[in-house]
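These notes concern the structure reproduced below.
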Amino acid sequence: MSFLKNEIDTICAISSPSGEGAISIIRASGDDCLHILKKIFRPYRKDLSDIKSRFLYTGRIFDFQTESFIDEAACVFIKGPNSYTGEDMLEIYPHGGVFNTKYILEIILKSGARLAYNGEFTKRAYLNNKISLVKAEAILEIIKANSLKTLVIANNELSGLLEKKIEKIKEDYLYMLASVEALIDFPEEEFENLNADFLKKSEEAAGLISGLIESYENYELNKRGFSIVIAGAPNVGKSSILNRLVDKKRAIVSDTPGTTRDYIEENLFLSNKPVKIIDTAGLRKTENEIEYEGIKVSYSQIKNADVVLYVFDVNELAENEILKEILEEKKENVIPVVNKLDTAGVKNLKTAENKIIKEFKFTNNPVFISAKTGDGFESMKTALHDIILKSESCVKDDVGITTIRQKNLLLKSLNFLESAKEKFKEGSPLELVSIDLRDGIKSLDEIIGGVTNEDVLDMLFKEFCIGK
Amino acid sequence: MENKNSTNSFDVIVVGAGHAGIEASLAAARMGLSAAVITINIDNIGQMSCNPAIGGLAKGHLVREIDALGGEVGKAIDKTGIQFRTLNTKKGPAVRSSRAQADMFKYKTYMKTALESEQNLTIIQSMVDSLIVKNAKVSGVVLWTREELFADAVILTTGTFLRGLVHIGLFNYNAGRAGDFASNKLSLSLIENGLELGRLKTGTTPRLDGRTIDFSELEEQKGEDDFIPFSIADKRINNEISCYITYTNKNTHDAILKDLDKSPLYCGVIKGIGPRYCPSIEDKVVRFKDKERHQIFLERESLDSVEYYPNGLSTSLPLDTQLKFLRSVKGLENVKIMRPGYAIEYDYVLPTQLNRSLETKKIEGLFLAGQINGTSGYEEAAAQGIIAGINATLKIKGEQPLILRRDEAYIGVLIDDLITLGTAEPYRMFTSRAEYRLLLREDNADFRLCEFGKKAGLLDDERYFIYKERLGGFNKLISFLKTYEKGRYYDLLKRPDIYLESIDPQLNEELNKFSKDIMNRVELFVKYEGYISRQKEEINRLKKFDDFNLESGMDFNSIPGLSIEVVEKLNKIRPKTISEASRISGITPAAVSILLMRCRK
Ligand SMILES: Cc1cc2nc3c(=O)[nH]c(=O)nc-3n(C[C@H](O)[C@H](O)[C@H](O)COP(=O)(O)OP(=O)(O)OC[C@H]3O[C@@H](n4cnc5c(N)ncnc54)[C@H](O)[C@@H]3O)c2cc1C
Ligand SMILES: Nc1nc2c(ncn2[C@@H]2O[C@H](COP(=O)(O)OP(=O)(O)OP(=O)(O)O)[C@@H](O)[C@H]2O)c(=O)[nH]1
Ligand SMILES: [Mg+2]
């Protein structure tokens, strides 16, 4: 168990983002914090002999080996256990340069601390019982959040709403377990409605678990940022559309079909959401090896896309096998985009629309644009916006899971639950049902915290009239 | 062990001859020590204070485990039982439990005779008032007549007697149970020696005059003649009587609710905490208002008596209320009460102060067993009695104590729960307390424990050889099935609806060599092998944590990150290993990881 040794070391790290700024933050946690502070820091006013927790001290940082003055800085010492990690902690705020900040870190390392691993402060907070595992995960998610939606979900996780939801599932489990145990341990009692209640609770729990599992996909989607793939036959103007959307000459545009070979990805904000726009190689049969590779990549981009902008040239609306596949898979997430509006007459538009809806069987109405003039881009953005909104509202309440760890444990729990339910229905030995239920609970426990035999008995005596 | 021949000096003194005291003193004497058992009333050795029955859910398991270690309770009930049944036959093999109604007078006589047949055992009628303790080590006891008796180990099994207070309505009096003196002084001696006591409560039903019960309309429940005797040593049992089932009704409940203000429980007269699983009828009526009726089993106490025990009607209401509600029940319209139902409050020692061997942590040589540790029930008491008896003896002999793990026996679960969780209500065994229920079956109690009984030097040869023979048969049948026709029948047997009896007539000749009992065990083993190995894996995973020892003097206060509640619990219980710590209620997984960092392997 060598990792255990690591956990009593004092750790430190630069907590502000790398690069120059107004101020940097260096954090340390562990028993040696005070010792280290005294070694490297000399306050202007008082000395550190009766340092107070949570007070801001200003002064100078010295390299204790060379006695050289490094920087002016402010410091806070936070006495454990009332700190983030639950241990003694130290925060130093030097000027925001790259070199001086790193130098100070070096001095701290030389005074006996070691560099923290990623997430180690939060891990210690968990180990020291300051936060649950779920909360630790939530904090990491908050740091990584890239949209309001993901932030709300992570915050709900942090504030305990997710735990509450899991507790609710656990309560259903506990009820089922208590039912089974009541039947086993009190065979001569009469219990009313017990079978029906068991099944009701198992449905309820299964529903809640499945809901959480589904919430993960949405969360992932939200977190990944929405991806919009521009696809279509060669030369219809895909790269031109990308360029206009990102407002720069990002992709090469030419009238030679097959210009774009590799996919091109750009980030931008659409209705306050970070999205990725991906331009792909035009789809067609080709002998050219490089183009062929490019088209293969296009396929996989399309597969992973949240939305596909399928681009036509208004003058030659053509269907092909590939389009059928895309529509099959992505359904209402494909927007037909008819480009080069500037070259078409009014009559063409009506036939184009008919063809797209009736013949090609798109579910969305086409948007007509011109990459050359910029016409129609607003309506294209509105169409995208609608789809984005719809996907967000799939996360019904904003309580959901945020990590694959949580998802896998929920899946495991669901499996045990289903098996318990089957066995109960079939009339298999109840002790086997009990084993499945307990294993199901154990998986949930791994997400939050334990259930004891005592909890089962508590439930049993609370809910069932027993007395012999 | 020198100079133990004098009349006031022994190796072991057992205080109390209830269900715990009997097993403890028999174990010590049979393992070759000179033992004395002191009890307040010799006529009440092995008295069944409450229900005249042995076994029941999870309790049947305990009885068979005690028997496999070399205890007496199984043999006693096989010989003196008057109705035997298996509970949960429809539920599954691990939770099938045996239960027998005892002829309570014959049972007492049997036990008294058992004690009297031990040459090494001195039987003394007296009351112990205090312990003699020097340098945190017990050396004897002081009787109420002021005499001192000496021993290297003392086992207290005083049941409900410590400052026992009996309640019938708002009337109360001092007694160890109805008809017995209370032990009023011993508690003080325990407190003076640094032990922490608590107060619990339990209750019993009125006893009814069978001549005034009309059984003609009641449902009858018969015994089972193919019941497998509790003891390995016994071949048959006799069913002599039936019991009868009746129910309370709305009138019964109204009568109870009307007089609730005369219940010591509801007026706050009783301070001790009662068992939730065995609530009084007034409790049941109040807590489960919607329930229209409660079941009552009418059980005869002895063939030599007309007294009936109405199981399910424990009460401490006044006598006239008891009569009123009883007479509203079908079959009891004209019933007469011979003895009133009552509740009793008593002191118990918080069991978290015990080691796994049942020796107290504070006072060397002092062992506690039975209801004094906060349990309830004859079987729970007997289980602790035999363990305390064995371990006091092993200690005197200078050997390692017998400690059973949670995955080895219900006895292990019982003791582990007591010492790590403690208990705030009378503790009764349930199968749901055992996480390895599938391994801890009644049918394999002998396979699990006979070797322990033998090694401790308690299990007699008769039982041991029968066990060996069974084990041989079991292994032979298993290996036959595994090898015969490439194990085809072994695999077939895994299916839920396939049994050896009907598996294939072609096998009959081979199978006839084996007893029905062995075939049953093999069937169970094969059918549940998957689950059993799943449980075994889990055990092995957890066993690793048994190797992580916490230093005995560890200062939990100084460990950063542990919450105050956690520190308090740890200080109180002082777990010896990480796995013990992890089972303490309120110790979070995070706290366990912190402890892990501090412990040595
Ligand atoms: C009113 C009542 C209701 C109960 N209800 C239930 C129930 O519903 N369910 C259930 O499972 N169990 C019940 N029981 C409990 C069951 O009777 C006990 O759990 C079981 O008898 C405990 O066994 P024991 O050996 O620990 O103590 P006991 O059987 O109580 O025996 C104690 C022995 O110690 C002796 N003794 C005590 N003090 C001294 C002393 N100072 N000196 C010498 N000898 C002493 C006594 O004489 C007695 O022999 C009830 C008991 C009572 C009294
Ligand atoms: N008139 C007009 N020409 C356009 C418009 N959009 C693109 N074009 C022209 O169409 C040709 C192809 O444009 P690209 O943007 O390179 O087309 P593409 O779909 O990316 O083509 P590939 O990368 O080869 O698949 C270029 O000559 C563009 O100038 C438009 O809206 N109007
Ligand atoms: Mg292009």
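Everything numeric in this text was worked out from a predicted model, so none of it was measured. Numbers restart at 1 for each chain; the letters A, B, ... are given by sequence-line order, proteins then strands.
Evaluation of the salt bridge (charged side-chain N to carboxylate O under 4.0 Å, His left out) rule for A:K79 yields A:D88 as partners, not counting sequence neighbours. In this structure B:R428 satisfies the salt bridge (charged side-chain N to carboxylate O under 4.0 Å, His left out) test with no other residue, sequence neighbours excluded. Every residue two or more places apart in sequence or in another chain was checked for a salt bridge (charged side-chain N to carboxylate O under 4.0 Å, His left out) with B:K536, and none qualifies.
Only the side chain of B:R534 comes within less than 4.5 Å of a heavy atom in chain A; its backbone stays farther off. Within the 4.5 angstrom heavy-atom criterion, only side-chain atoms of B:Y247, from C-beta onward, approach chain A.
For chain B, the option among A:D439, A:T85, A:V180 with the highest count of heavy-atom pairs below 4.5 Å is A:D439.
In this structure, B:K222 places its NZ atom where only 12 or fewer heavy-atom neighbours from other residues, nucleotides or ligands lie under 6.0 Å away.
Of residues 417-432 of chain A, those residues lying under 4.5 Å from chain B by any heavy-atom pair are A:K423, A:P429, A:L430, A:E431, A:L432.
For the pair B:K291 and B:F288, the NZ or CZ position fails the cation-pi test of under 6.0 Å to the six-membered ring centre and within 45 degrees of the ring normal. With B:Y427 as the aromatic partner, B:R433 meets the cation-pi criteria of under 6.0 angstrom to the ring centre and within 45 degrees of the ring axis.
Side-chain polar atoms of A:H35 and A:S111 form no donor-acceptor pair below 3.5 angstrom.
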